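Quantities reported herein were computed from a predicted structural model and do not represent experimental measurements. Quick note: residue numbers are just sequence positions, from 1.
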Amino acid sequence: MSRPVPVSRLNGYVKSKLEGDEKLRDLLVSGEISNFNRNQRSGHIYFVLKDSAAAVRAVLFRSYAASLRFAPENGMKVVVRCTVSLYERDGSYQLYVREMIPDGTGALYLAYEQLKAKLAAE
């Protein structure tokens, strides 16, 4: 029988394995946004990316969120460029998103339509 390891050490090991996998460093993933939450204080965007069979948590940090050309929202289908890693504190893996584009609609067209709808509402 091997010696027990603390949870933090296990999570650190799993994180290093995920981050060491070349295929998980620069990945395109498509899905639908749900549980969308823009943290007003930090500027980070947290959401779940899902399809008909599964879901995964994702985060888009403020520095990358600033370059979005459209306003993401629940129900929107998107493609994200990301890295897969483990959030050690919670022991859950998630996507660290660097880019996001609408799936099927151009980002500029979507931004235009969103602005048009906003102005019409005002």
| CZ-CD distance between Arg69 and Glu99, expressed to the nearest 0.5 angstrom | 11.5 Å
| Quick one: are Leu49 and Leu95 in side-chain contact, heavy atoms under 4.5 Å? | yes
| When hydrophobic residues are tied together by side-chain contacts of less than 4.5 Å, even through go-betweens, does Leu115 share a cluster with Ile101? | no
| request: Any pair with a residue in residues 40-64 that passes side chain to side chain donor-acceptor pair (under 3.5 Å), sequence neighbours left out, goes on the list, sorted by first then second residue, please. | output: Asn39-Ser42
| Distance-minimising heavy-atom pair for Ala65 and Ile45 | CB-CD1, 3.8 Å
| field | Asp21 side chain vs Lys23 backbone, donor-acceptor pair below 3.5 Å | value | yes
| query | Among the clusters formed by ILVMFWY side chains lying less than 4.5 Å apart, do Leu68 and Ile33 turn up in the same one? | reply | yes
| task | Kindly give the heavy-atom pair with the smallest separation between Val59 and Tyr96, and that separation in Å. | result | CG1-CD2, 3.5 Å
| said: For the OH atom on Tyr93, are there more than 12 heavy atoms of other groups (residues, nucleotides or ligands in this structure) within a distance under 6.0 Å? | reply: no
| message | What I'd like to find out is whether the side chain of Arg98 reaches to under 4.5 Å of the side chain of Phe61, using heavy atoms alone. | response | no
| request: Return the minimal non-hydrogen interatomic distance between Val29 and Cys82, and the atom names on each side. | output: CG2-SG, 3.9 Å
| said: Whether Glu88 and Lys15 form a salt bridge (side-chain N of Lys/Arg under 4.0 Å from carboxylate O of Asp/Glu) is what I want to check. | reply: yes
| query | Does any non-hydrogen side-chain atom of Asp26 lie less than 4.5 Å from one of Thr83? | reply | no
| query | Within the side chain of Asn74, is there an N or O that forms a donor-acceptor pair under 3.5 Å with the backbone of Asn35? | reply | yes
| Taking side chain as C-beta onward, heavy atoms only, is Asn11 less than 4.5 Å from Tyr13? | no
| Minimum heavy-atom separation for Ser85 to Leu18, with atom names? | C-CD1, 3.9 Å
| note | Gln94 and Val56 have their tightest heavy-atom pair at CA-CG2, 4.3 Å
| Atom pair CD (Glu19) and CG (Leu86), whose distance is rounded to the nearest 0.5 Å | 8.5 Å
| query | Does a side-chain heavy-atom distance below 4.5 Å link Gln114 with Lys118? | reply | no
| query | Once you round to the nearest 0.5 Å, how far does CE of Met100 lie from OG of Ser67? | reply | 10.0 Å
| query | So if you build clusters from Ile, Leu, Val, Met, Phe, Trp, Tyr with side-chain heavy-atom gaps below 4.5 Å, do Phe47 and Leu27 land together? | reply | yes
| query | Between atom CZ of Arg81 and atom CG of Leu28, what is the distance when rounded to the nearest 0.5 Å? | reply | 4.5 Å
| query | When clusters are formed by joining ILVMFWY residues with side-chain heavy atoms under 4.5 Å apart, either directly or through shared neighbours, do Phe36 and Leu60 land in the same one? | reply | yes
| remark: Those residues at least two apart in sequence (or on a different chain) that pass side-chain contact (heavy atoms from CB on, under 4.5 Å) with Arg89 are Tyr87
| Heavy atoms, side chains only, cut-off 4.5 Å: are Lys77 and Ser30 in contact? | no
